[in-house]
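Written out below as structure tokens is the structure these notes cover.
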Amino acid sequence: MGNCLQHQVANEDSTKFTFEDDIWDDFNDSYGLNYSYSNVDAAAPCRSCSLLDDSSLPFFILTSILGILAGGAVLFALLRPLFHWQVCPERPFLVQLAVGSTLFSIAVPFLAPGLKGLQGTPLCHLAHMVWYGSAFAQALLIGCHACLGPKMDTGYVPNLTLRLGVGLWGMAVLLGLPVTLASDTSHGFCSLTFSKSHWVLPLSHAIACCAIFTLLPLGLLGAKAIMKIRGRGQCPWANVLWAWFVFWWPHGVAVGLDFLVRSKALVLWTCLAQQALDLLQHLAEALAILHCVATPLLLALSYHQTARAAPPPLPLPLRRPSHLDTQRGKS
């Protein structure tokens with residue numbers, strides 16, 4: 001990746017070699033050589049237009065600010081004392097998703113390419129852990145909620161939501177360890193390194209991204225279609241939060257393809273294919289970054305749908321008059 005490859009010749013240079021071209025043609029004819037500009041272009045390194053370069057720093061900062069504000073507003077609405085918890089039994093689940101989205105928003109600027117020289121290796125490791133750990137946690141929470149449905153909220157199992165939350169966040173941290181250990185600032189900015197001698201960590205990261213971001217939503221959709229055809233209940237429970245995977249599905253595909261190309265398992269024979277892959281990676285990363293702004297909106301919409309579907313809270317029962325109240329009335 002890098003800047004666009006431009007084959008430009010200055011105006012004064014275009015007339016400078018008019019006579020020398022004739023001498024070059026005679027040299028080719030004399031020695032049987034066949035040099036042409038097409039051969040030089042074919043041998044030139046393939047470079048792509050980088051969408052997320054140093055100039056994209058405002059995009060990272062603006063997205064981070066909007067994500068923090070939106071996530072903080074949703075957290076305040078869910079955790080405020082006047083919140084009607086009986087109306088939205090999914091409150092613990094929504095709070096965890098809002099926390100994951102807000103954490104991701106905080107980590108976004110630290111991985112921006114425009115912060116060269118300001119990113120130390122420990123900060124790079126921490127940023128990658130928060131970036132992917134929060135994303136993996138959100139994906140696992142949505143997948144688990146789709147499989148269990150109302151069982152997470154009706155109290156069938158004591159502290160089920162709390163136990164699942166701790167377990168899923170722990171699993172997300174473990175899934176984020178490979179990219180955390182494989183990242184450094186050797187190229188001047190925080191990025192994932194790949195070498196033939198240390199390919200286990202990039203491979204583990206690629207498998208985790210493909211499994212969580214790509215295969216998990218496909219599995220949910222396939223299971224939903226099968227259950228609907230057979231008419232065996234509503235599980236997995238589909239809701240508006242499934243739209244979260246739209247922002248991360250291309251990223252899982254791009255990470256898998258990038259590993260295949262770097263490991264020489266997939267060979268790109270043309271420069272156009274390499275440029276297309278680079279463009280796919282940048283677009284997928286930008287779309288994944290935008291999820292921290294869209295997730296709070298999806299959470300608000302999910303709460304609105306849950307509040308409409310939930311039955312109205314029962315009125316408080318009238319208190320029976322006690323024996324002491326009867327005696328006070330007689331006196």
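Predicted model, so just to flag it, every value in this text is computed and none were measured. Side chains included, hydrogens not; waters and symmetry mates left out as well; all remaining heavy atoms used.
- Taken to the nearest 0.5 Å, the CG atom of L78 stands 11.5 Å off from the CZ atom of F93.
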CA sep, side-chain torsions, deciding dist, call: Q274, V261, side-chain contact (heavy atoms from CB on, under 4.5 Å): CA-CA 9 Å; Q274 179 63 52; V261 172; 4.1 Å; yes
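- In summary, the aromatic rings of H291 and W244 are positioned with their centroids under 6.0 Å apart.
- The shortest distance between side-chain heavy atoms of R262 and P202 does not fall below 4.5 Å.
- Hydrophobic clustering of Ile, Leu, Val, Met, Phe, Trp and Tyr side chains at less than 4.5 Å, counting indirect connections, unites V240 with L141.
- By the 4.5 Å heavy-atom criterion applied to side chains, L287 and P250 are counted as neighbours.
- The distance from the CG atom of L103 to the SG atom of C292 is 11.5 Å, given to the nearest 0.5 Å.
- Of the possible donor and acceptor atoms, none in the side chain of S302 sits under 3.5 Å from a partner among the backbone N and O of L298.
- Residues passing the ring-ring contact (aromatic ring centres under 6.0 Å, His included) test with H128, sequence neighbours excluded: none.
- Side-chain atoms of S101 do not come within 3.5 Å of backbone N or O of A98 as any donor-acceptor pair.
- Looking at L52 and E285, their side chains come closer than 4.5 Å, going by heavy atoms from C-beta outward.
- A single hydrophobic cluster is not seen to contain both I106 and V293; linkage of ILVMFWY side chains at heavy-atom distances under 4.5 Å, directly or through other members, places them apart.
- L175 and A208 make their closest contact through CD2-CB, 4.1 Å (heavy atoms, listed as atom of the first residue, atom of the second, distance).
- Taking the six-membered ring for Trp, F136 and F213 have ring centres closer than 6.0 Å.
- Closest approach of G176 and T180 over heavy atoms only: O-OG1, 2.7 Å.
- Between the CG atom of L241 and the CG atom of L301 there is a distance of 8.5 Å, given to the nearest 0.5 Å.
- Contact between A172 and G133 at its shortest, heavy atoms only, is CB-O, 3.4 Å.
- Between A182 and L201, the shortest heavy-atom contact is CB-CB, 3.8 Å.
- Taking the six-membered ring for Trp and the full ring otherwise, the centers of W248 and F104 sit less than 6.0 Å from each other.
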Derivation and outcome, side-chain contact (heavy atoms from CB on, under 4.5 Å), residues W169 and Q96: CA-CA 9 Å; W169 277 94; Q96 294 182 70; 3.3 Å; yes
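- Not a single donor-acceptor pair under 3.5 Å links the side chain of S64 to the backbone N or O of F60.
- Taken to the nearest 0.5 Å, the CG atom of L148 stands 11.0 Å off from the CH2 atom of W237.
- Taking CZ from F259 and CG from L192, the interatomic distance works out to 10.0 Å, rounded to the nearest 0.5 Å.
- Among residue pairs with one or both ends in residues 205-221, none qualify as side-chain hydrogen bond (donor to acceptor under 3.5 Å, both in side chains); sequence neighbours excluded.
- By the 4.5 Å heavy-atom criterion applied to side chains, V74 and Y303 are not counted as neighbours.
- Looking at L279 and Q275, their side chains never come closer than 4.5 Å, going by heavy atoms from C-beta outward.
- Between the side chain of S263 and the main chain of L260, a donor-acceptor pair closer than 3.5 Å is present.
- Under the 4.5 Å side-chain heavy-atom criterion for Ile, Leu, Val, Met, Phe, Trp and Tyr, V173 and W131 are members of distinct hydrophobic clusters.
- Residues L280 and D258 form no side-chain contact, since every pair of their non-hydrogen atoms from C-beta on lies 4.5 Å or further apart.
- Using a 4.5 Å cut-off between side-chain heavy atoms of Ile, Leu, Val, Met, Phe, Trp and Tyr, with links allowed through other members, L181 and Y132 fall into different hydrophobic clusters.
- In the hydrophobic cluster analysis, where Ile, Leu, Val, Met, Phe, Trp and Tyr join through side-chain heavy atoms closer than 4.5 angstrom, F110 is grouped apart from L66.
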Verdict with supporting geometry, T295 and Q138, side-chain contact (heavy atoms from CB on, under 4.5 Å): CA-CA 10 Å; T295 299; Q138 293 177 75; 3.8 Å; yes
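- Put simply, the side chain of C144 reaches to within 4.5 Å of the side chain of L168, judged on heavy atoms.
- Put simply, the side chain of L220 reaches to within 4.5 Å of the side chain of F245, judged on heavy atoms.
- With hydrogens and angles disregarded, no donor-acceptor distance shorter than 3.5 Å links the side chain of S56 to the backbone of F59.
- In terms of heavy-atom proximity, V255 sits nearest to A206 at CG1-CA, 3.8 Å.
- Taking CG of L140 as the start and CG of L216 as the end, the distance is 7.0 Å to the nearest 0.5 Å.
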Full working for side-chain contact (heavy atoms from CB on, under 4.5 Å) between S105 and T63: CA-CA 7 Å; S105 303; T63 306; over 6 Å; no
